[in-house]
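All residue numbers in this chain count up from 1 along the given sequence. These figures come from a predicted structure and were not determined experimentally.
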Amino acid sequence: MSEQVKTAHPKGLWVLFGTEMWERFNFYGMRAILTLFLVNSLMMKEEDASLIYGGFLGLCYLTPMLGGFISDRFFGNRNCILLGGLMMALGQFLLFFSASVFGSNISLATSLMWTALGIIIFGNGFFKPNISSMVGSLYPKQEKSKLDTAFTIFYMGINLGAFLGQLICPIVGDVKNKILLPDGKYKMLADGTFDTIRDIHAFKWGFLAASIAMLIGTAVFYFLKNKYVITPEGRPLGGLPKHNVNDDYEEGESQKAVFSQKALIGAVVAFVSLGLTFHYLFGQNAIYSLIYASGLSLAGLIISDSSLTKVEKDRIKVIYIVAFFVIFFWAAFEQAGSSLTFIADNQCDRNFFGYNMPPSMVQIFNGLFVVAFAVPFSMLWDYLRSKDREPISPVKQAVGLGLVALSYFIIAHNVKDLGNNGLLAIKWLILLYLIQTCAELCLSPIGLSLVGKLSPKRFSSLLYGVFFLSNASGYALAGTLGSILPATGDKFNKAKEFGIDLQAVLDKKITLTADQLAILEKNQISPNNPVFAGFEIHNLFEFFMVFVILCGLAAVILMALTPKLKKMMHGVR
């Protein structure tokens, strides 16, 4: 007990912190270089790479629904974390092989890539909801007020891992070498700097580093779980469900979900109907339709449980409402791995105090800022709570959405006059990541904490899965939005090399010949501006304003709903 008072948090939190840190190294390190690998090694279009990226991330946050269910009913948290960790390490190792053989057999490399992403998706599904659920389980019901602080500390572990992954994987995997001319001299540009070309064979080392990191994280959990991931009374947490002692339930709370046959059939019918609606009526691809339909049908199934009390239903509805608005946050935030990476690669001056950063490494600032600000934010919530002035969770999340809108408004203003060949200064991307980091700390760990506070115990892991489905939907929307990125400066320069005025093509002032169209297609240049919601996106300013409008409206609406949500939370802040 004296140790508990000294540290304020159980030692098990730091074990989970370390486990998640290495897992996030693995995931975010791979994420930093994935789209560049798809475009430069597997020869995919940026639009297709963005859609694959969004679908992959979306499915990574769809499978936690399955992982949460299997954990609650069969395997338990511990076994699912170990299984998920080993699967993700294997998936990264297969990406290493894909990046090793693409030069001699691009068909095999592509097949290995799809297999690897599939294994990582299911591994993440087993890992993600269960480690988050275990953080909440470390604290008995009389200490649930510590959860915002605990999840903020846990979130620092996530982003410390992200920082390391986004540092090391780009250093070894996203390599650009100086171009050596036949006369033995390096090719120089007009500004006096050396011209470079990407080493497309280096990506494999980034994926290998990610695989090793995941093995380390799995080992940390395996060897320390029995000693530290325990209740205050010393009982192990997250074992097989049949061995769990359910003394953390509220008095009178049901310990078993009750789904009627009618409700189960209704959920299946709703899933199929919604999937077909999204696919055929809204034009979403099969993966995105699966993600959206799964989230809505599972949400309906849980709320149909006949054992739920009115208070429990109200609290679950709050989770659903907040989860809906979280979608818009992740849709904007997750441009980091697609559109923002392509902009950093193609139309950004990446000179950072004399170091020309790899484009995939620019994402590092998000993880760095979270590590720097997680503890101050945690202290801020503790201070406000001590003064009884802490805002409720939905207010914090509305502020987070507003900050994301602000970050994109600033970047939109700075790209407005770049033209086709101007370079965006890296300081503006750094500022964007700084503001978005503050937004993230107001929204993501607070959302995880909210689920832990409002979930009926029997639905804990499953409702974490539902909450991650909002992430999945946000990532799917991020893929759709990333695919509407208009042509950046490199595309105009490449077209000019072939005597094609791309701006005139996009403005419909000239008509391309069949040969010119083939040239653009070969060089992955679209002859048309992208279209979103019926509006043509002509330039980067209009592209970024899409996120300003979406996140700004979401922030205003969520803030307006907070008085109602506060009542529905029934005393939980």
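- Ion pairing between R198 and D345 holds under the 4.0 Å rule for side-chain N and carboxylate O.
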Which atom pairs, one a donor and one an acceptor, fall under 3.5 Å between side chains of residues 398-413 and the rest of the protein, sequence neighbours left out?
| residue | atom | partner | partner atom | Å |
| --- | --- | --- | --- | --- |
| S407 | OG | V404 | O | 2.7 |
| S407 | OG | Q436 | NE2 | 3.2 |
| Y408 | OH | A332 | O | 2.5 |

Show me the donor-acceptor pairs within less than 3.5 Å that the side chains of residues 320-328 make with the rest of the protein, sequence neighbours left out.
| residue | atom | partner | partner atom | Å |
| --- | --- | --- | --- | --- |
| Y320 | OH | A299 | O | 2.8 |

- Would C438 and L441 count as a side chain to side chain contact (heavy atoms under 4.5 Å, CB included) if you check the C-alpha gap in whole Å, the side-chain angles of each, and the deciding distance to 0.1 Å? CA-CA 5 Å; C438 294; L441 289 170; 5.9 Å; no
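- Here K416 does not pair with E542 in a salt bridge; the nearest charged N to carboxylate O distance is not below 4.0 Å.
- Under the 6.0 Å distance and 45° angle rule, R24 does not count as a cation-pi partner of Y28.
- Using modelled atom types, no side-chain atom of S41 and backbone atom of L38 make a donor-acceptor pair closer than 3.5 Å.
- Around the CZ atom of F122, the shell of radius 6.0 Å holds no more than 12 heavy atoms that belong to other residues, nucleotides or ligands.
- Of all heavy-atom pairs between L520 and P527, the closest is CD1-CB, 4.2 Å.
- Using modelled atom types, one finds a donor on one side chain and an acceptor on the other under 3.5 Å when comparing T341 with Q363.
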- Message: Let's go through N351 and I426 carefully: what are the C-alpha distance in whole Å and the side-chain angles of both, what is the deciding distance for side chain to side chain contact (heavy atoms under 4.5 Å, CB included) to 0.1 Å, and is it a yes or a no?
- Response: CA-CA 7 Å; N351 189 302; I426 193 173; over 6 Å; no
- Query: Which is it for F203 and F37 under the ring pair (Phe, Tyr, Trp, His ring centres under 6.0 Å) test, yes or no, and what are the steps along the way?
  - Reply: CA-CA 7 Å; F203 289 112; F37 169 65; 5.8 Å; yes
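- Between the side chain of S98 and the main chain of L94, no donor-acceptor pair closer than 3.5 Å is present.
- Ring to ring, H538 and F543 are not that close: their centroids are 6.0 angstrom or more apart.
- Across all their heavy atoms, N40 and I200 have their closest contact at O-CG2, 3.7 Å.
- L62 CG to L57 CG: the interatomic distance, rounded to the nearest 0.5 Å, is 12.5 Å.
- Between the side chains of E497 and N493, no donor N or O sits under 3.5 Å from an acceptor N or O.
- Taking the side chain as every heavy atom from C-beta outward, F271 and L290 approach each other to under 4.5 Å.
- Contact annotation: the side chain of V395 approaches that of M559 to within less than 4.5 Å [non-hydrogen atoms, C-beta and beyond].
- Using a distance-only test at 3.5 Å, with no hydrogens or angles considered, a donor-acceptor pair links the side chain of N124 to the main chain of C60.
- Note that CG of L558 is 12.0 Å distant from SG of C551, once rounded to the nearest 0.5 Å.
- Side-chain contact, Q92 with N26: a donor N or O sits under 3.5 Å from an acceptor N or O.
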For residues 528-535, tabulate all N or O donor-acceptor pairs below 3.5 Å that involve a side-chain atom, not counting sequence neighbours.
| residue | atom | partner | partner atom | Å |
| --- | --- | --- | --- | --- |
| N528 | OD1 | K508 | NZ | 2.7 |
| N529 | ND2 | E536 | OE2 | 3.0 |

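- The shortest non-hydrogen separation linking S360 to D174 is OG-OD2, 2.8 Å.
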- Step-by-step side chain to side chain contact (heavy atoms under 4.5 Å, CB included) determination, V505 to L512: CA-CA 7 Å; V505 173; L512 294 171; 3.6 Å; yes
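- S483 and S50 make their closest contact through N-CB, 3.9 Å (heavy atoms, listed as atom of the first residue, atom of the second, distance).
- To the nearest 0.5 Å, atoms OG (S289) and CD (Q284) are separated by 6.0 Å.
- For Y288 and F282, the gap between ring centers reaches or exceeds 6.0 Å.
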- Task: Could you walk me through whether R350 and Y355 pass side chain to side chain donor-acceptor pair (under 3.5 Å), step by step?
- Result: CA-CA 8 Å; R350 300 187 306 277; Y355 174 57; over 6 Å; no
- Item | Working for side chain to side chain donor-acceptor pair (under 3.5 Å), residues E46 and N346 | CA-CA 12 Å; E46 289 180 0; N346 302 325; 3.1 Å; yes
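- Between I121 and L59, the shortest heavy-atom contact is CG2-O, 3.5 Å.
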- Message: Let's go through D515 and T513 carefully: what are the C-alpha distance in whole Å and the side-chain angles of both, what is the deciding distance for side chain to side chain donor-acceptor pair (under 3.5 Å) to 0.1 Å, and is it a yes or a no?
- Response: CA-CA 5 Å; D515 289 342; T513 66; 5.3 Å; no
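- In this structure, the side chains of M113 and L42 come closer than 4.5 Å at one or more pairs of heavy atoms.
- Proximity of L108 to F102: side-chain heavy atoms (C-beta onward) are nowhere separated by under 4.5 Å.
- We find the OG-CG distance between S455 and L463 to be 4.0 Å, quoted to the nearest 0.5 Å.
- Taking the centre of each ring, F96 and F207 stay at or above the 6.0 Å mark.
- Aromatic rings from Y475 and Y61 are positioned such that their centres are separated by under 6.0 Å.
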- Item | side chain to side chain donor-acceptor pair (under 3.5 Å) evaluation trace for S444 with E440 | CA-CA 5 Å; S444 189; E440 186 182 5; 5.3 Å; no
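- Between W330 and F333, the ring planes are perpendicular. Angles over 60° get that label, and only those under 30° would be called parallel.
- No side-chain heavy atom of L340 sits under 4.5 Å from any side-chain heavy atom of V362.
- The shortest distance between side-chain heavy atoms of M568 and R315 does not fall below 4.5 Å.
- When every heavy atom of T35 is checked against every heavy atom of F342, the shortest pair comes out as CB-CZ, 3.8 Å.
- Between the side chain of S111 and the main chain of S107, a donor-acceptor pair closer than 3.5 Å is present.
- A heavy-atom distance below 4.5 Å is not found between the side chains of K491 and P486.
- Counting non-hydrogen atoms of other residues, nucleotides and ligands closer than 6.0 Å to NZ of K176 gives a total above 12.
- Interatomic distance, CE of M214 versus CE of M30, reported as 11.5 Å (0.5 Å rounding).
- Side-chain atoms of D507 never come within 3.5 Å of backbone atoms of K509 as a donor-acceptor pair (strictly under, hydrogens ignored).
- Using a 30° and 60° split on the angle between ring planes, Y292 and F278 fall in the tilted class, from 30° to 60°.
- Taken to the nearest 0.5 Å, the CG atom of L281 stands 11.5 Å off from the CG atom of L274.
- Contact check for L502 versus I525: side-chain heavy atoms found under the 4.5 Å cut-off.
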- Item | Chi angles and distances behind the side chain to side chain contact (heavy atoms under 4.5 Å, CB included) call for Y53, E334 | CA-CA 10 Å; Y53 171 80; E334 279 302 330; 2.7 Å; yes
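- No donor-acceptor pair closer than 3.5 Å links the side chain of Q347 to the backbone N or O of L424.
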